[in-house]
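Written below as structure tokens is the structure these notes are about.
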Amino acid sequence: MKRALILIPLLLFVALVVFLAIGLTLRPTEVPSPLIGKPAPAFTVPQLHQQDRTISDSDLVGRVSVVNVWASWCVACRDEHPYIMALSQEGVAPVIGLNYKDDRDQALAWLERFGNSYAVSAYDPEGRVGLDWGVYGVPETFVLDKRGVIRHKHIGPVTASVLRQEILPLIARLNEEQP
Amino acid sequence: MRKLLLTLFLLLPLAAGAAPFEFDSPEDEARFRRLGNELRCLVCQGQSIADSNSELAMDLKAQVHRMIIEGRSDREIVDFMVARYGDFVLFKPPLRASTWLLWFGPFVLLLVGAGVVLALSRRRTPASAELTEAERARLDEILQQSEEPRE
């Protein structure tokens, strides 16, 4: 019995190592969204391109969609742009842009320069819509199902592996779901 | 003159934190300050929105200010933020079934540790520190023996 007791510190050490190893894979600065599983927060704002037209949360109902939060001043948005474009070209779900805390002219110039992957962009210069969506950093990408319910939020730029492993499989699954 | 300029220059950071928000009453301003200290800036995650100068912190402060002016309660403002950003936006984790371990864990560990220390110390203390009669006689014998060779 006493011999077994000697093993206790070793076992505690092993347990500690396991927890620390798990800790290395965690990303504590990513704040999980409380909106997962909830309908998209309501909003009605002018469109970026056609100022006299509006876009609202009801436009997000009816088919699977992706909402990508971007801004012309955001460097990481430039990094993820090819992948957002690729996502848009896959044609599995429309990509709707939420232009966050930006200047309209600069935003339009950015799209002109790099290419417009968005079916439509909502213009949110004061970040009010972003606040309702729990946006705290740009870029952020939301995936919504056919009922307009937020099913996933990706924080930070979308990369090839995020697209391949997270977003595209989820969109495929959501497209299978009955509305 | 240079000292004055230097002092003023060093004091500049204070101006950065100065709140441009106005309130109808000192109570409202006190509420604003309190809420500002309770809500976390999600960008600079170690700071409250009161301390942080990030744009998000400014936006959240503006939102808190707006809601205070609208006459919302502290509860409503906190719920508003938690609904959008989750529990992490609060500096104090809420007391829920899922956070029981976080709140009470340290005290439980302290009690367990104290218990272990007590149990171990009881086992190590000898049954009696006093000598029995036989042991005392033996001790006297040994002492006498050690004294004799000296004489």
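What you are looking at is a predicted structure, and each value in this text was computed from that prediction instead of being measured. Order of the sequence lines sets the chain letters (A, B, ...), proteins ahead of strands, with each chain counted from 1.
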Donor-acceptor contact present, side-chain A:Arg104 to main-chain A:Leu48, <3.5 Å: yes

Structural part of B:Tyr85 lying under 4.5 Å from a heavy atom of chain A: both

Backbone of B:Ser73 reached by a side-chain donor or acceptor of B:Glu76 within 3.5 Å: yes

Contact origin within B:Val82 toward chain A - heavy atom pairs under 4.5 Å: backbone

Whether B:Phe21 and B:His65 hold their rings parallel, tilted or perpendicular, with breakpoints at 30° and 60°: tilted

A:Gly130 backbone acceptor or donor facing A:Asp124 side chain under 3.5 Å: yes

Region of B:Leu42 in contact with chain A, defined by heavy-atom distances below 4.5 Å: both

Proximal component of B:Ala83, with respect to chain A [non-hydrogen, under 4.5 Å]: backbone

Portion of B:Arg66 that has a non-hydrogen atom of chain A nearer than 4.5 angstrom: side chain

Residue A:Lys101 versus chain B: region with a heavy atom under 4.5 Å: side chain

Heavy-atom side-chain contact between B:Arg34 and B:Arg31 under 4.5 Å: yes

